[in-house]
Amino acid sequence: MSTIVRFAPSPTGRLHIGNIRTAVLNYLFALKSDGRFLLRLDDTDRERSTEEFAEGIRRDLAWLGFDISWQVRQSDRIARYDAAADKLKAAGLLYPCYESEDELERRRKRQMARGAPPIYDRASLRMSAEERARLEGEGRSPYWRFRLPNTEGSDGIVPLPTLVSWNDAIRGDQTVDLGSLSDPVLIRADGSYLYTFTSVVDDIELGITHVIRGGDHLTNTGVQIALFEALGAVPPVFAHHSLLVDAQGQALSKRLGALSIEGLRETGLEPMAVLSHAALVGTSDAIEAHSDLASLAAQFSFDKISLAPGRFDVAELNQLNARLLHRTGYAPIAQRLAALGVGGGEAFWDAVRGNVETLADARAWWDIATGTISPVIEDAGLVATAATLLPAEPWDETTWGAWTNAVKQATGAKGRALFHPLRLALTGREAGPELKHLLPFIGRERALARLKSSV
RNA sequence: GGUCCCUUCGUCUAUCGGUUAGGACGCGAGAUUUUCAAUCUUGAAAGACGGGUUCGACUCCCGUAGGGACCGCCA
């Protein structure tokens, strides 16, 4: 059986680095096992899901370089959920409940205050048919709960400890006690379905073989395994990775806009830098920039994924991005450079690539070379002398050496005393690419003007 | 309040009872660049704490501390 995995975000917000970690882990596993990757938009929450977010998610994934040619959305699959729900109702595994949300909330708080677990007491399950009829007569429409199989040996109502276990591809043997959980709500009072249910129905019908998701779903998995079985299906393999925390070790908040993929893209990061970091953080592999997904996939393995929370550090991501760019040749990015208005072709890129953190920095260097800058005159005398010694054009890579030697002879300056004032006057910057490479792009006219800017 | 998970150099981690505790990033130094940045080489740097078990513990057990997840008519 060939591998099928899915990434199932809900279009209630933009993707952030934590989501991408889940996405890339799924994607790499599919790639490595020659399987398929499904993008499933979990949009059953009508209140919060929007088409705009759905579009944003697709854009983010496309930018990252995922092949998202196979997509489904849960809002298109309601008939499937209806059928599965009917099946459960017929088997007496889905029962109507009539408490209001407020009532449930109050009840939970009371239980917590008493130090008791906030578990639903199955009050509606104990209800007589007459009572149900009366409530419905009043116009109350029920919401529906799945009756967890945790009453073996009891009266059928009182839950008993019931362990569900599975062998997690990342965490090893896991168990969840269904006896300590509430019967999950599967259908809202308005008739819409909840994730716990739709996810299982889809996983069954779309033939998902591996569910790779965050550890925040660990308890869901216990419930969902019971659902798979209630629907007569064999559960897929589950793999729960740890969640990401920020550089301070705090939980990654979805509110942090800068960590959205959109935000990362806007700051000029390369997709492969983001992907490399997302795939490698919290694994035993070195965090280094890979140039393509295939190379990341080649070394993917569940047992390399740590159980401890992964630490996401933007500074590290920037570093990764810089290193990726440093070793990127001209051809793959020629178009993007042109789009940024960077000229000079391959020679210019080779001159500056060691000094860029993002591609936009190449534009900054192009502007420094060919635009208007504010020269910094550190040593007016030396700079003035240098101006008079500028060779005639044409200039090439040997010009810098010949010129600085002449300046050295004339002034006696050498080393830092010679080069630092020249760099400051020519570029206005403390650090930068080798001037031997940059000087030809500045050209004699601009160089002369910059050197003479002190007078 | 309950259940579950995690804790090794600054960071991400290797080790699955016996190691000089290894690697990667970052940091320091050297080389190179007649300057800087980039690049290359190299160095420093670690088992949360307290108890056990054992000839021997980073590794197994218990406790403490810290962090995380879940306990929704969210996903």
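This is a predicted model, so every value here is computed, not measured. Quick note on labels: first sequence line is chain A, next is B, and so on, each numbered from 1.
On the C1' atoms, B:rC58 is 11 Å away from B:rU19, given to the nearest whole Å. Comparing B:rU15 with B:rG22, their C1' atoms are spaced 8 Å from each other, to the whole Å. Between B:rG50 and B:rA65, the distance separating the two C1' atoms is 10 Å to the nearest Å. For the P atoms, the distance linking B:rC5 with B:rC60 amounts to 13 Å, nearest Å. Rounded to whole Å, the separation between the P atoms of B:rU53 and B:rG1 comes to 33 Å. When the C1' atom is compared between B:rC55 and B:rU41, the two are found 44 Å apart, to the nearest whole Å. Between the C1' atoms of B:rA45 and B:rU32, the separation comes to 27 Å (whole Å). For the C1' atoms, the distance linking B:rA24 with B:rG43 amounts to 16 Å, nearest Å.
Remark: P of B:rU33 and CD of A:Glu430 are 21 Å apart, rounded to the nearest angstrom. Taking atom CD on A:Glu105 and atom P on B:rC71, their separation rounds to 13 Å, with Å as the unit. Atoms CG (A:Leu324) and P (B:rA38) sit 16 Å apart, rounded to a whole Å. Taking atom OH of A:Tyr195 as the reference point, atom C1' of B:rC73 lies 17 Å away to the nearest angstrom. Atom CG in A:Leu104 sits roughly 8 Å away from atom C1' in B:rC73 (whole-Å rounding). For the pair A:Arg311 CZ and B:rG68 C1', the computed distance is 11 Å after rounding to whole Å. Atom CG of A:Leu244 is separated from atom C1' of B:rC12 by 11 Å (rounded to the nearest Å).
Under 4.0 angstrom from either OP1 or OP2 of B:rU33 there lies no side-chain N or O belonging to A:Arg423. Put simply, A:Ser182 has a side-chain N or O that comes within less than 4.0 Å of OP1 or OP2 on B:rG72.
With 3.5 Å as the limit, one finds no donor-acceptor pair spanning the side chains of A:Asp168 and A:Gln174.
Using bins of under 30°, 30° to 60° and over 60° for the plane-to-plane angle, the ring pair A:Phe29/A:Phe302 lands in the tilted bin. Classification of the A:Phe7-A:Phe37 ring pair by plane angle, with boundaries at 30° and 60°, yields parallel.
Across all strands shown, B:rC49 is found opposite B:rG63 as a Watson-Crick or G-U wobble partner, with both distances under 3.5 Å.
If you check every strand for non-hydrogen atoms under 4.0 Å, A:Ala189 touches a base.
Of all heavy-atom pairs between A:Ala169 and A:Val237, the closest is CB-CG1, 4.1 Å.
In summary, A:Asp367 and A:Arg363 engage in a salt bridge, as defined by a charged side-chain N under 4.0 Å from a carboxylate O.
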